[in-house]
Amino acid sequence: MKTKPARVACVVGARPNFMKMAPILEAMAGAPGLEPVLIHTGQHYDREMSKAFFDDLGMPRPQVDLNVGSGPHGRQTGLILERFERILMESPPDLVLVVGDVNSTIACALAAVKLHIGVAHVEAGLRSRNREMAEEINRILTDRISDFLFTTSRAAGENLRAEGIGEEKIHFVGNVMIDTLRRLEPRARRESTILETLGLEGAPYAVLTLHRPELVDDPGSLKALAATLIPLSRKIPVVYPVHPRTRNRLEEFGLMPDLLAAPGIRLLGPRGYLDFLRLLADARLVLTDSGGIQEETTVLGVPCLTLRPETERPVTVLEGTNIVVGLDGRRIMGEVESILAGKGKRGRVPELWDGRAAERIVAVLSRALAAD
Ligand code: UD1
């Protein structure tokens, strides 16, 4: 039996990591056998892409910031690998815990496994089967080298078994992103004034998010989508918090003036967690290419149209409110009209998306690491 608590290096890097890590850190704070050390790779660094989330989520400041910033995949991944390796060599933890599927996830998992440090991957087993997505490569590789694979659905576990991953490594625990949503929804409703600021309190509106390079870096796709969006915004106002990558592309492709001129399109900068949750919770519908938002809308019971050819989160389609529509303008308009006519998809909350996933993760790790 260990006398000192096991040190767990908990890695965050990009926006969707923060809301997944917050409940894990909180659950670890109540576990005497575990001592979390929070590492930020600095993949996201703008105030509204990073620090605003630490504030909204009540997360402790990272003990280490690797300050890698933006860059092409190889450079960004390589810088994280090199800088994180140095931290691991100076002060090796007992385990490295990574979440999601961003470049920080695979880079830190790889640095750890090469130094024979165990890896836990939270949100394991998701597969889009589209290898052109950087995230799909990050997911497959991270799962392959992890020792603890925490899944959000039974289907994710099946994906891992089909790839030959041992049963003893797979733990179906539920969804940590939903832990945060459940904890903060009342506060978002109380504290965020975003709807009042936009003059949309009690009014119907849609929310749009776009950031995937497969979509926004392709001028044809982005132009086609803008051409759908403008008539759509005459049917229902569209609130659109713009990701920095997408803002650059909209400007580069000359699409910004038309969007700014459309009275129904409300362009905003990226929002913090509480504002964005309030926007989602009261929306009539959501259009997105994000992964996490497909899950959040399912839990909130808000119809979601996913602007991609496929999803790595089929449970949101099979059980939730998600419909994968791709980029076909007529299909999108048809689904929007049906939602506005009150025929939006309804669903149920998937198994174990109950706000207690982080507790289950910490219980598994406490047992395993205390027994070392
Ligand atoms: C990353 C993740 C993606 C996740 C998304 C959430 C990878 C491969 N992708 O994509 O899975 O869904 O985060 O946002 O890890 N930028 C800023 N400020 C920032 C961060 C980025 O201006 O704080 C701009 C830069 O121009 C940068 C671009 O956004 O080049 C892209 O950032 P990057 O971290 O490479 O990927 P994301 O598109 O944000």
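Start at 1 and go down the list; that is how both ligands and their atoms are numbered.
With sequence neighbours excluded, the residues forming a side-chain contact (heavy atoms from CB on, under 4.5 Å) with V216 are L210, L222, R245, T246, R249, listed by chain and number.
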Give me the pairs of N or O atoms, one from ligand 1 and one from the protein, that sit under 3.5 Å apart.
from: ligand 1; atom 1: 11 (O); to: E135; atom 2: OE2; distance (Å): 2.5
from: ligand 1; atom 1: 12 (O); to: H211; atom 2: NE2; distance (Å): 2.8
from: ligand 1; atom 1: 13 (O); to: H44; atom 2: NE2; distance (Å): 3.3
from: ligand 1; atom 1: 14 (O); to: H243; atom 2: NE2; distance (Å): 3.2
from: ligand 1; atom 1: 15 (O); to: Q43; atom 2: NE2; distance (Å): 2.8
from: ligand 1; atom 1: 15 (O); to: N103; atom 2: N; distance (Å): 2.8
from: ligand 1; atom 1: 18 (N); to: D46; atom 2: OD1; distance (Å): 3.4
from: ligand 1; atom 1: 18 (N); to: D46; atom 2: OD2; distance (Å): 2.9
from: ligand 1; atom 1: 22 (O); to: D46; atom 2: OD2; distance (Å): 3.4
from: ligand 1; atom 1: 23 (O); to: Y45; atom 2: N; distance (Å): 2.9
from: ligand 1; atom 1: 23 (O); to: D46; atom 2: N; distance (Å): 2.9
from: ligand 1; atom 1: 34 (O); to: Q43; atom 2: NE2; distance (Å): 3.3
from: ligand 1; atom 1: 34 (O); to: H44; atom 2: NE2; distance (Å): 3.2
from: ligand 1; atom 1: 38 (O); to: R245; atom 2: NE; distance (Å): 2.9
from: ligand 1; atom 1: 39 (O); to: H44; atom 2: NE2; distance (Å): 2.7
from: ligand 1; atom 1: 39 (O); to: H243; atom 2: NE2; distance (Å): 3.0

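Other residues, nucleotides and ligands contribute over 12 non-hydrogen atoms within 6.0 Å of the CD atom of E196. Heavy atoms from other residues, nucleotides or ligands lying under 6.0 Å from CZ of R61 number more than 12.
Contact record, R144 with E163: NH1-O, 2.9 Å, taken as the closest heavy-atom pair.
A continuous path of ILVMFWY side-chain contacts below 4.5 Å connects I87 to V96, so both sit in one hydrophobic cluster.
Looking only at atom types and distance, the side chain of N175 has no donor-acceptor partner in the side chain of T152 under 3.5 Å away.
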